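Source: prediction; values computed, not measured. Here is how names work: the chains are called A, B, and so on, in the same order as the sequence lines, proteins then strands, and each is numbered from 1.
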There are 2 protein chains.
Amino acid sequence: MNPSDLEKTAGRYAYDGLDRIIHEKARLSIIASLAGYSEGLLFNELKELCSLTDGNLSRHLAILQEADLVQMWKGTRNKRPQTLARLTEHGRRRFLEYVTRLERVVADASQLTRQPESGATLRPRTA
Amino acid sequence: MNPSDLEKTAGRYAYDGLDRIIHEKARLSIIASLAGYSEGLLFNELKELCSLTDGNLSRHLAILQEADLVQMWKGTRNKRPQTLARLTEHGRRRFLEYVTRLERVVADASQLTRQPESGATLRPRTA
DNA sequence: CTTAATTACTTTATACTATAAAGTTAAAAA
DNA sequence: TTTTTAACTTTATAGTATAAAGTAATTAAG
């Protein structure tokens, strides 16, 4: 890479749009689950789908709720408390944005499957 | 979601393959950069491309090196120490695996862009 | 020629945060 | 009426990302 290339591409791989709150594996898991079920999912369903412990899921849901990505409905079912979680409209948009950024990561990676050296300039080496 | 669905899909969204070491944003940034430059990148080039501070980059490179995802070459250039980082073959394979998992996340998310309720069963509600 | 500044990093102290263990509340079973 | 189960929540801890401070070597300044 020569110096002028750098200027054109500073921050090129910084992936600014990869929002920390969504990027965290457990929460990505939760959000992706909810994305597939627009009417929402119960606490225990999420627990299974995401393979999370009770305490862990509870904390991540609280974080997602504070960020207004997920809304929670508390009710009862067969005299047992039940919590239903679903994506907010804001959460839906933010997730779609996040996925758009992910697609760039995937696109960047496609260079790896091409021939080595493709697109990369040779480095002048002075030992 | 009815109970039998759950059994079929327990852990469906756990995203086990999203290796912690690669998934971390700063390191994903570093690895994706290196993926584009098979001959490697200098410390300062990475710093710019990934918008990282010196200390931060140094630590993440050390972690990637310990995991045998990246190898480092220390030499001098114009009487200055220079560190060149490049993906190991192992790192290349692991990154490709990681990206395969990412593609699943992206595919899961495509449900969001379809009509609401698509593919999801209505939940019987007992308030 | 001695001191200050720059370069290229590395080490460490701190602040953050993911996680599970322990705690809470209420219903059902024993 | 005591114990167990269910559905969570709270908190203590362990892990870790980050930047501030430190190191070593070169070059510039006075």
Side-chain angles (χ1 to χ4, degrees), chain A residues 1 3 6 11 13-16 18-31 40-67 69-85 123 126-127, chain B residues 1 3 6 11 13-16 18-31 40-67 69-85 123 126-127:
Chain A
M1 208 168 75
L6 237 195
Y13 293 94
Y15 297 140
D16 282 342
L18 287 189
D19 180 348
R20 216 94 217 184
I21 293 186
I22 299 178
H23 190 62
E24 152 61 29
K25 191 184 165 184
R27 288 189 296 263
L28 179 56
S29 197
I30 293 168
I31 295 177
L41 286 168
L42 296 174
F43 189 93
N44 280 304
E45 292 172 340
L46 271 173
K47 212 177 89 173
E48 290 296 318
L49 285 171
C50 303
S51 305
L52 292 170
T53 58
D54 289 26
N56 209 188
L57 175 57
S58 180
R59 288 264 33 229
H60 285 303
L61 281 176
I63 290 166
L64 290 170
Q65 195 176 14
E66 270 166 58
L69 298 177
V70 165
Q71 62 188 153
M72 320 253 285
W73 291 87
K74 286 176 188 276
T76 51
R77 232 205 190 203
N78 315 329
K79 297 203 173 181
R80 289 277 177 201
Q82 291 284 131
T83 303
L84 184 75
R123 172 187 315 289
T126 43
Chain B
M1 206 166 79
L6 237 195
Y13 292 93
Y15 297 140
D16 282 341
L18 288 187
D19 180 348
R20 218 96 214 181
I21 292 186
I22 299 179
H23 190 63
E24 153 61 28
K25 192 184 163 183
R27 288 189 296 263
L28 180 55
S29 198
I30 292 168
I31 295 177
L41 287 169
L42 295 174
F43 189 91
N44 280 305
E45 292 172 340
L46 271 173
K47 213 177 88 171
E48 288 296 316
L49 286 171
C50 302
S51 306
L52 292 170
T53 59
D54 289 27
N56 209 188
L57 175 57
S58 180
R59 287 262 39 228
H60 285 303
L61 281 176
I63 289 167
L64 290 170
Q65 196 176 13
E66 270 166 58
L69 298 177
V70 164
Q71 61 187 155
M72 319 254 286
W73 291 89
K74 282 172 191 276
T76 52
R77 232 205 189 204
N78 316 327
K79 297 203 174 179
R80 291 280 177 197
Q82 290 284 132
T83 304
L84 184 76
R123 171 188 316 289
T126 45

Report summary line: Applying salt bridge (Lys or Arg N to Asp or Glu O under 4.0 Å) to B:K47 and not counting sequence neighbours gives B:D54
Report task. Provide the closest heavy-atom pair for B:G40 versus B:L84 in the form atom of the first, atom of the second, distance. Result -> C-CD1, 3.8 Å
**Report entry** Minimum-distance nucleotide (side-chain atoms of B:Q82 versus D:dT27, C:dC9, D:dT9)
**Finding:** C:dC9
Requested in this report: Indicate, with a heavy-atom threshold strictly under 4.0 Å, whether A:K47 touches base, sugar-phosphate, or nothing.
Outcome: nothing
Report summary line: In short, the helix from C:dC1-D:dG30 to C:dA30-D:dT1 is bent end to end, axes from five pairs each side, to 10°, by 30°
Requested in this report: State, to 0.1 Å, how close B:H23 and B:L28 come at their nearest heavy-atom pair, and which atoms those are.
Outcome: O-CB, 4.2 Å
Report task. Could you tell me the separation between the CZ atom of A:F43 and the C1' atom of D:dT5, rounded to a whole number of Å? Result -> 16 Å
**Report entry** Euclidean distance, atom NZ of residue A:K74 to atom P of D:dC8 [Å, nearest integer]
**Finding:** 7 Å
Requested in this report: Report the residues that fulfil side-chain contact (heavy atoms from CB on, under 4.5 Å) with A:A62, sequence neighbours left out, ordered by chain and then residue number.
Outcome: none
Query - Integer-rounded Å distance: D:dT16 C1' and B:L57 CG - result: 16 Å
Report task. For B:E48 and C:dC9, give me the distance from atom CD to atom P, rounded to whole Å. Result -> 13 Å
Requested in this report: Would you kindly give the CG-to-P distance between A:L64 and C:dT17, to the nearest whole Å?
Outcome: 13 Å
Requested in this report: List the protein contact pattern of nucleotides 17-24 of chain D with one symbol per nucleotide (5' to 3'): B for base contact, S for sugar-phosphate-only contact, - for none; contact means a heavy-atom distance under 4.0 Å.
Outcome: SBBB----
Query raised in the report: Who pairs with A:T83 by side-chain contact (heavy atoms from CB on, under 4.5 Å), at least two apart in sequence or on another chain?
Result: A:F43, A:M72, A:K74
Report task. Would you kindly give the NZ-to-C1' distance between A:K25 and C:dT17, to the nearest whole Å? Result -> 16 Å
**Report entry** Set of residues satisfying side-chain contact (heavy atoms from CB on, under 4.5 Å) with respect to A:R27, sequence neighbours excluded
**Finding:** A:I21, A:E24, A:H60, A:I63, A:L64
Query raised in the report: What is the distance from atom CG of A:L69 to atom CG of A:L61, rounded to the nearest 0.5 Å?
Result: 11.5 Å
Requested in this report: Calculate the interatomic distance between B:E66 atom CD and C:dT10 atom C1'; express it in whole Å.
Outcome: 14 Å
Query raised in the report: According to a strict under-4.0 Å criterion, is A:S58 in side-chain N/O contact with OP1 or OP2 of D:dC8?
Result: no
Query - Short side-chain N/O contact from B:N44 to OP1 or OP2 of C:dT7, under 4.0 Å - result: no
Requested in this report: Calculate the interatomic distance between A:N78 atom CG and C:dA29 atom P; express it in whole Å.
Outcome: 12 Å
Query raised in the report: When rounded to the nearest 0.5 angstrom, what is the spacing between OG in B:S58 and CG in B:L46?
Result: 11.5 Å
Report task. Could you tell me which non-hydrogen atom of B:A14 sits nearest to which non-hydrogen atom of A:S29, and how far apart they are? Result -> CA-OG, 3.6 Å
